[in-house]
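Input: a single structure, listed below in structure tokens.
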Amino acid sequence: MFIPATPEEVAALGWKGLDVILVTGDSYIDSPHIGVAVIGRVLMEAGYRVGIIPQPDMTDDRDISRLGEPELFWGVTGGCMDSMIANYTASRKHRRRDDLTAGGVNNRRPDRAVIAYANLIRRYFKQTKPIVLGGIEASLRRISHYDFWSDTVRRSILFDARADILAYGMAEETILEIAGHLKNKRPAVSDIAGICYIAPQPRPDYLLLPAHPVVAKDKGAFADMFARFSENADPVRANGLCQQQDTRFLIQNPPRLPISGPELDRIHEFGFHRDAHPIHQAQGQVRALDTLRFSIITHRGCFGDCAFCAIAVHEGRIITDRSEASILREAAALATHADFKGIIQNVGGPTANMYGMGCRRPESSGPCKNKRCLGPSPCRHLDVRHDRQMDLLRRLRRLADVRKVFIGSGIRHDLVLHDARFGREYLEEIIRYHVSGQLKIAPEHCEDHILTLMGKPDAATTEKFVDLFQRTCKSEGVQSFLTCYLMAAFPGCTLADMRRLKQFTRRVFRFTPEQVQIFTPGPATRGALMYHTEKGPDGKAVFVEKNTKNKEIQKQELVEKPPKKRPGSR
């Protein structure tokens, strides 16, 4: 059963109203890969009546009012991506294509979708039930944040959206607690972990961040605010935070601990349709389904903490693994799908080969406060071993009706090298069985001063892995290749650095790369901090290319193929 998206579906369930109405910036795909679908099903499994309105028309009330008004709250998300990143390239050009919109044309998600949808609700429901924000757009914009598209420091999205509560991070348990409070007529939410709310005064027991008017003008104060925000992202030891926004204060309760492995198993076995809701049929296909429909998530979280990536900020650095038994049950269920051709397109997570890995220290310690797990090299406390994932992949290969099991998401190549016991065997095995022509890695650059700022492994590590990959392919008698994600215009990167990267790729990878992106400063990332302040983590000045044309030149320097030699030329 899909989450109801029409009045007819609500009536067919015998419901006379809804407890919760979810509004999303994507087409509604019923899949464990889609956050709003997960939240909706978690609520329904708990007994709440839930409806969903995907991509409502902003010009009138026909869409936003078609399910009526909820009894408990509205849930608003921009979708699986920050709407500004979904709508615009790093050069601020509007994206024409949208894989999360039926038909593929990017014309149904408004800019700053969370704010737009919350204001749309307020326009047609004047004194309505609480509006609860969630998803990655709300999560990354919950405090004062640098916004690349306006080149300003914007205040908390909770204030601009005129919403009541913001649930940040992966919020399944948070949203259930909010629903329970409201159902039991307990509007006070000050005791719920993982939320932000608005208050007239700061909490005396919470850490006070520099005020928004100050950080909006003073880059030093912004950097100080960001440091305190980052230091208190650990759910084990974090303090609550307060920040004055206008005459009122943003209150951020400490983060919630990640959900348990058994609970993650339960969520993934809800019986998702793995399809777009029939309401979208007339609009066309949702291209994201091409990769999501027959893919399996093995874990949540990422301890890579790359400076340009929002995953660690949103999902956290602690890995939550699903059990092998649950993953095998999901794979067996995929095999019964009418469109299944025997190929599982991806088995992985934010980083595929972090399954079964984590910190050796007690869980009560939490992630290190002032140290990254993988930068500049893997921490000695990190338990790096690929045997559990290898065993899982072997068991998946043995399933009836499963012909191929691929790793479609990227791997951390430095982890393969660091695993002295199982790393080589793991590489041999995935090349032999689990690479569909190309294995994805993300070296991003070759200049170590840039890689240090990025939080990526050094160039020598990449070169060593490429050599091992090529030798392994030869010994296995397999013709496989590397897809290498590279980046232009990250803080610290000059045109001269891109020329050296061009030489590196031709010497080491032996091809002209195509997977090159211009750095986009996503909200609440360390990369955005460096871009805005033009300073590195040590406080020293770094070069930041802010001219759009020069950013494009950096990219073109790398992707431009050498001219073909004319016959007879030397």
Side-chain angles (χ1 to χ4, degrees), residues 1-58 61-81 83 86 98 100-103 108-110 113-114 116-118 120-121 124-125 128-138 161 163 167 170-172 174-176 178-179 182 267 270-283 286 288-289 292:
M1 182 182 71
F2 283 96
I3 301 169
T6 67
E8 293 76 15
E9 289 176 306
V10 174
L13 290 170
W15 295 347
K16 295 183 179 179
L18 294 170
D19 298 312
V20 179
I21 297 177
L22 303 174
V23 183
T24 177
D26 299 330
S27 293
Y28 167 31
I29 304 170
D30 193 53
S31 165
H33 297 263
I34 305 298
V36 71
V38 170
I39 291 296
R41 284 187 169 271
V42 164
L43 286 164
M44 288 177 70
E45 286 287 324
Y48 294 98
R49 301 167 301 169
V50 183
I52 187 167
I53 303 174
Q55 299 181 319
D57 191 321
M58 297 296 298
D61 68 340
R62 284 178 296 176
D63 282 341
I64 201 64
S65 64
R66 70 168 178 251
L67 299 181
E69 189 172 14
E71 292 290 329
L72 298 181
F73 66 89
W74 299 85
V76 174
T77 173
C80 292
M81 298 175 63
S83 60
D98 183 358
L100 288 161
T101 291
R108 288 198 283 276
R109 180 189 290 103
V114 169
Y117 292 150
L120 180 68
I121 293 166
Y124 295 108
F125 297 92
T128 190
K129 303 297 182 180
I131 295 176
V132 180
L133 310 182
I136 196 164
E137 181 169 342
M170 309 295 278
E172 294 97 341
T174 304
I175 211 72
L176 285 176
I178 292 170
L182 297 175
I267 288 170
F270 278 160
F272 293 89
H273 283 275
R274 296 179 178 270
D275 205 348
H277 190 280
I279 198 174
H280 300 299
Q281 281 183 352
Q283 299 166 345
V286 183
L289 276 167
L292 297 184

Next item on the list: Decide side chain to side chain contact (heavy atoms under 4.5 Å, CB included) for Met58 and Leu120; before the verdict, give the C-alpha distance in whole Å, the side-chain angles of both, and the deciding distance to 0.1 Å.
Entry: CA-CA 7 Å; Met58 297 296 298; Leu120 180 68; 3.8 Å; yes

Roughly how far, to the nearest 0.5 Å, is [atom2] of [Y] from [atom1] of [X]?
X	Y	atom1	atom2	result
Ser83	Arg109	OG	CZ	7.5 Å
Ile136	Met170	CD1	CE	9.0 Å
Met1	Leu13	CE	CG	5.0 Å
Leu100	Met81	CG	CE	7.5 Å
Ile175	Phe73	CD1	CZ	4.0 Å

Next item on the list: Show your reasoning for whether side chain to side chain contact (heavy atoms under 4.5 Å, CB included) applies to Ile64 and Tyr117.
Entry: CA-CA 9 Å; Ile64 201 64; Tyr117 292 150; 6.0 Å; no

[X]: which of [options] passes side chain to side chain contact (heavy atoms under 4.5 Å, CB included):
X	options	answer
Val286	Ile29, Thr101, Asp98	Ile29
Arg66	Val10, Asp61, Ile21, Ile53	Ile53
Thr24	Ile34, Val76, Ile39, Thr77	Thr77

Please report the closest heavy-atom contact between [X] and [Y], naming both atoms and the distance.
X	Y	result
Glu69	Thr128	OE2-OG1, 2.6 Å
Gly40	Ile3	CA-CD1, 3.6 Å
Leu133	Ala138	CB-CB, 3.9 Å
Phe272	Asp30	CA-OD2, 3.4 Å
Pro70	Asp19	CB-O, 3.4 Å
Gln55	Ser27	OE1-OG, 3.3 Å

Notebook entry, point to check: Can you check whether Arg62 reaches Pro56 side chain to side chain, under 4.5 Å on heavy atoms?
Noted result: no

Next item on the list: With side chain to side chain contact (heavy atoms under 4.5 Å, CB included) as the test, would you mind laying out the steps for Val38 and Phe270 before giving the verdict?
Entry: CA-CA 9 Å; Val38 170; Phe270 278 160; 5.9 Å; no

Note to self: Among residues at least two apart in sequence or on other chains, which ones pass side-chain hydrogen bond (donor to acceptor under 3.5 Å, both in side chains) with Glu71?
What the structure shows: none

Next item on the list: Give a yes or no on whether the backbone of Asp63 and the side-chain of Asp57 come within a donor-acceptor separation of less than 3.5 Å.
Entry: no

Margin query: I'd like to know if the side chain of His273 and the backbone of Ser31 have a donor-acceptor N/O pair within less than 3.5 Å.
Written below: no

Margin query: By the ring-ring contact (aromatic ring centres under 6.0 Å, His included) test, which pairs, at least two apart or in different chains, include something from residues 20-45?
Written below: Phe2-Tyr28, Tyr28-His277

Next item on the list: Evaluate the criterion side chain to side chain contact (heavy atoms under 4.5 Å, CB included) for residue pair Ile131 and Ile121; output intermediate values, then yes/no.
Entry: CA-CA 9 Å; Ile131 295 176; Ile121 293 166; 3.9 Å; yes

